[in-house]
Amino acid sequence: MGYQILEKRVLGPDSHLLVVKASHVARSAKPGQFVVLRIYEKGERIPLTIANSDKEKGTVSIIFQVVGKTTQHLSSFNEGDEIYDFLGPLGTPTEIEKFGCVAALGGGFGTAVLYPLVRALKSKDNYVIVVNGARNEKFLILEDELKRLSDEYYVTTDDGSKGFKGFVTDFLRHLIENEHKKIDRVFAVGPVLMMKSVAGLTKKYTIKTIVSLNPIMVDGTGMCGACRVEIGDETKFACVDGPDFDAHKVNFDLLTKRLQMYKKEEEICLAKIIQKSSGE
Amino acid sequence: MNGKKITLKKTPTRKQNPLDRAHNFFEVALGYNLEEAKEEAKRCIECKKPTCIKGCPVEIDIPAFIKKIKEEKFLEAAEILKKENPLPAVCGRVCPQEDQCEKVCILARKGEPVAIGRLERFVADYEAKEKCQNQSLSKSSPEKTGKKVAVVGSGPASLVCASELAKKGYSVTIFESLHEPGGVLVYGIPEFRLPKEIVKREVEYIKSLGVDIVKNFFVGKTRTVDELMNEDGYEAVFVGTGAGLPTFMYIPGENLLGVYSANEFLTRMNLMKAFKFPEYDTPVKVGERVGVIGGGNVAMDSARVALRAGAKKVTVFYRRTRNEMPARIEEIENAEEEGIEFLFLVAPVEYMGDEAGWVRKAKLIRMRLGEPDASGRRRPVPMEDSEFILPVETVVVAIGQNPSPMIAKTTPDLEIHPRWGTLVVNEKTGATTKQGVFAGGDVTTGAATVILAAGAGKNAAKYVDYYLQNKEKQGIWEKLI
Ligand SMILES: Cc1cc2nc3c(=O)[nH]c(=O)nc-3n(C[C@H](O)[C@H](O)[C@H](O)COP(=O)(O)OP(=O)(O)OC[C@H]3O[C@@H](n4cnc5c(N)ncnc54)[C@H](O)[C@@H]3O)c2cc1C
Ligand SMILES: Cc1cc2nc3c(=O)[nH]c(=O)nc-3n(C[C@H](O)[C@H](O)[C@H](O)COP(=O)(O)OP(=O)(O)OC[C@H]3O[C@@H](n4cnc5c(N)ncnc54)[C@H](O)[C@@H]3O)c2cc1C
Ligand code: SF4
Ligand code: SF4
Ligand code: FES
């Protein structure tokens, strides 16, 4: 009765790609949408972006980074295993038009979100500059795919082990200030701090910037309000009103805080699962 | 005790001791045993013109089923109940009887009414046990009509509508967005009031009728109503998506950590079993002092769940007085017995937090009761300069839910009420403004009751059937709307 994993790929030390059989989801999925899944009976519901979908085969790909209990547990799943629940596609699809020159910045798990986004941007004839950021070379994912899809492709690493040394924001500044690129729109997906600093920079240059927010979610269908974020003076539910929002209006500090809500409980759970897997 | 004279009081129901039950999730009211049920049944004087029936939204033949209890024909009693109400085990437990059947029972004029709800529960539980032992679910499968009907949501309205249609020979598929069917019965109402086993039993029964339940399917996103009808071959759709959109007050500090909507709090607890964390992965935060905003069933449930999850002090903040509280009386009394505190005639105006963003204090304002409002209850009016501050570590906002907007948003021809967001339907037939689409339950009424939802589902099924049988005839839809 579950949703079978047809393929599993390890993309990096903490990054995995799963191809899951879920034809209902594949049939309707659009870029920017996500699924909420639950991997076993006692599991939590977590949101993951739809990285790719194939209507014919009825499959959906997800890419996730191991950050806590569920993602750790999921990383132990193999081809043939089943995911208990797989609900989607959720959220409002990313608004894609011909913007002109678009910079798409990804950091951490955000790179997974970039992949369907860049493809959709290209299908509308945009000129796409991709900046793929990671802690260091080892953590870079989807390099070939993004290089192939984009018009310009750059890498930044915090430690300089590959590409530009620094954060994606620093590189974006470099593109704007030193290379005088005329960028019409920016998409930034990744850790809150990265999205916040990109927003700060592009606000200065009045470049419209879209971020994909990642608050904690439960149902993903608009019935609980766990995912509330502040956009301008308004409270929005990221799972139905988003996850994409105008970066210049987002209250990032609130998002950062709300993501910390279960820090203690997450540690307890993670310890439990690590203990269990090392005991086996 | 068995004298001719009718006792003024209901036969008491045994309950778990308040001190024990405040720390567990087992059912609070234990229900009548056979002797108690018979004892209570005797109190019914079988009125010639029974007023009680009119008080029940689905008009159960109350004296008839009670008579069967007197005669110890419990299964026949169950049949009578089920003729009008397919969910007696649920309704016997959660109906606001004091506002419905029991309110107008003749005995209520002098003393306490017949405990109709408790008797209903007894009969339903008795029947379930018998059936379980005999496994004699003799189902004569009806002739198939070859027509497909989609039912959206799996709350009481949908469950009942689906079972009625299956019994009429339709191929029925329920589409539910959550990972478990039952609607509010599984994610909202807690275990200690409505054991999930009972909901499961109903769901299993409906499956046994051949109804297909597809979970993890969010209609509007996974597939739209139009796609279901135009591409997937469903000739009619019943929308029973409930009122699941939480309301906030939009006051300063409401997005602080530790401030929950009741829906989130209860979903984490009931559906995700956060009270069993870390055995279950989903966490919930319950501080020592919990403030619950509201005065309905949802507020009572939130408060009592918080207590069971380890809170030291739970206070319900309600802007009117105890008399106006919409919650079931029995649950208010249970909450009081368990040590929940109530602060009446107050409303929060602001929450204040610490550096990390956690709620620490609530600023409340005192209210007085003014003129009656549209609901007939006296409107609370804030009193100037009456603000005061109380410490809280968790706040649960339980001030009401609105209809879930997704279906209306994604189905262009469905009309909604401009103010309430409810789907516009013909009250008699449940027909919406879109041909072939019916609706019932909270999505058409706003947050209401299980029995009203069940009744609406049953009623709509009748007209879905009528529509599908006569679909080819000219002007048939116009007759329904
Ligand atoms: C719309 C959306 C799309 C997402 N897409 C992806 C994706 O494609 N790939 C991917 O790797 N991750 C994605 N995330 C983040 C992913 O949901 C979390 O990493 C995941 O829930 C963590 O679960 P866990 O049990 O492993 O970690 P936990 O142990 O629960 O938490 C570990 C840490 O992760 C953070 N966290 C917890 N819950 C969430 C959450 N719901 N969202 C974000 N951070 C969280 C917290 O800071 C927490 O301290 C997405 C989040 C959202 C809201
Ligand atoms: C905490 C709480 C306590 C209550 N206590 C009582 C009580 O004691 N007595 C009483 O009589 N009433 C009580 N009620 C009210 C009662 O539960 C509701 O009136 C009743 O459940 C409404 O039934 P429904 O079938 O209309 O919808 P719901 O029970 O709300 O079910 C709707 C279902 O539809 C699903 N859904 C929504 N949108 C979609 C979609 N687009 N696609 C697929 N599925 C969807 C939802 O996930 C949900 O499962 C209580 C309510 C709450 C919240
Ligand atoms: S369904 Fe509710 S209102 Fe009707 S008789 Fe039973 S308890 Fe009373
Ligand atoms: S009104 Fe009361 S006493 Fe009369 S038939 Fe109904 S339940 Fe019995
Ligand atoms: S996750 Fe529940 S409303 Fe968004």
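Just so it is clear, the values below take in all heavy atoms, side chains as well, and ignore hydrogens, waters and symmetry mates. Chain letters run A, B, ... following the sequence lines, proteins first, then strands; residues in each count from 1. Since the model is a prediction, treat every value here as computed from it, not as a measurement.
- The choice from A:His73, A:Arg38, A:Lys69 that makes the most heavy-atom pairs within less than 4.5 Å of chain B is A:Arg38.
- For CD of A:Glu79, the number of neighbouring non-hydrogen atoms (other residues, nucleotides, ligands) closer than 6.0 Å is greater than 12.
- Note: A:Gly91 leads A:Gly220, A:Ala29, A:Gly91 in heavy-atom pairs under 4.5 Å with chain B.
- Other residues, nucleotides and ligands place no more than 12 heavy atoms under 6.0 Å from the CD atom of A:Glu95.
- When heavy atoms are compared at a cutoff of 4.5 Å, B:Phe277 approaches chain A solely by way of its side chain, counted from C-beta outward.
- Contacts of B:Val214 with chain A are made by side-chain atoms alone, with heavy-atom separations under 4.5 Å and no backbone atom involved.
- A:Tyr40 and B:Asp281 are linked by a side-chain donor-acceptor pair at a separation below 3.5 angstrom, with hydrogens and angles left out of the test.
- Side-chain contact between B:Trp358 and A:Met261 is present, with at least one heavy-atom pair separated by less than 4.5 Å.
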### Message
Walk me through whether B:Phe248 and A:Arg228 qualify under side chain to side chain contact (heavy atoms under 4.5 Å, CB included).
### Response
CA-CA 11 Å; B:Phe248 286 96; A:Arg228 49 200 201 280; 3.6 Å; yes

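- Heavy-atom pairs under 4.5 Å with chain A were tallied for B:Arg268, B:Lys273, B:Met272, B:Glu254; the largest tally goes to B:Arg268.
- Both the backbone and the side chain of A:Arg45 come within contact range of chain B, each with at least one heavy atom under 4.5 Å from a heavy atom of that chain.
- Residue A:Glu41 touches chain B through both its backbone and its side chain, counting heavy-atom pairs closer than 4.5 Å.
- In this structure, the side chains of A:Leu87 and B:Phe218 come closer than 4.5 Å at one or more pairs of heavy atoms.
- Other residues, nucleotides and ligands place more than 12 heavy atoms under 6.0 Å from the CD1 atom of A:Ile268.
- Between B:His179 and A:Tyr84, the distance separating the two ring centers is not shorter than 6.0 angstrom.
- Between the CG atom in B:Leu245 and the SG atom in A:Cys224 there is a gap of 11.0 Å [rounded to 0.5 Å].
- For B:Pro246 against A:Gly222, the heavy-atom pair with the smallest separation is CD-O, 3.8 Å.
- Proximity to chain A is limited to the backbone of B:Glu355, based on heavy atoms less than 4.5 angstrom apart.
- The side chain to side chain donor-acceptor pair (under 3.5 Å) with B:Asn255 is formed by just one residue from the set A:Glu230, A:Lys257, A:Arg258; it is A:Glu230.
- Taking the side chain as every heavy atom from C-beta outward, B:Arg223 and A:Arg27 approach each other to under 4.5 Å.
- With hydrogens and angles disregarded, no donor-acceptor distance shorter than 3.5 Å links the side chain of B:Thr222 to the backbone of A:His24.
- No other option in B:Pro283, B:Gly244, B:Gly357, B:Ser404 has as many heavy-atom pairs under 4.5 Å with chain A as B:Pro283.
- Residue contact with chain A, scored on non-hydrogen atoms closer than 4.5 Å, involves the backbone of B:Leu256 exclusively.
- Residues A:Met223 and B:Gln401 form no side-chain contact, since every pair of their non-hydrogen atoms from C-beta on lies 4.5 Å or further apart.
- The part of A:Ile216 that comes within reach of chain B is its side chain, from C-beta onward, which places non-hydrogen atoms under 4.5 angstrom from that chain.
- There is no contact between A:Val35 and chain B, counting heavy-atom distances below 4.5 Å.
- From A:Cys269, atom SG reaches atom CD of B:Glu279 across 11.0 Å, with rounding to the nearest 0.5 Å.
- Remark: side-chain polar atoms of B:Asn216 are not paired, donor with acceptor, to backbone N or O of A:Asp85 under 3.5 angstrom.
- Formation of a donor-acceptor pair under 3.5 Å by the B:Lys221 side chain with backbone atoms of A:Gly88 is not found in this model.
- In this structure, the side chains of B:Met406 and A:Val240 come closer than 4.5 Å at one or more pairs of heavy atoms.
- Annotation: B:Glu197, atom CD; neighbour count of heavy atoms from other residues, nucleotides and ligands within 6.0 Å does not exceed 12.
- There is no contact between B:Asn402 and chain A, counting heavy-atom distances below 4.5 Å.
- Taking chain A as the reference chain and counting heavy-atom pairs below 4.5 Å, the highest number among B:Leu257, B:Thr224, B:Thr282 is found for B:Leu257.
- By the 4.0 Å N-to-carboxylate-O rule, B:Lys285 lies close enough to A:Glu265 to be salt-bridged with it.
- Residue B:Asn230 qualifies as enclosed at atom CG: its count of foreign heavy atoms under 6.0 Å is above 12.
- In the displayed structure, B:Lys361 atom NZ is contacted under 6.0 Å by at most 12 heavy atoms of other residues, nucleotides or ligands.
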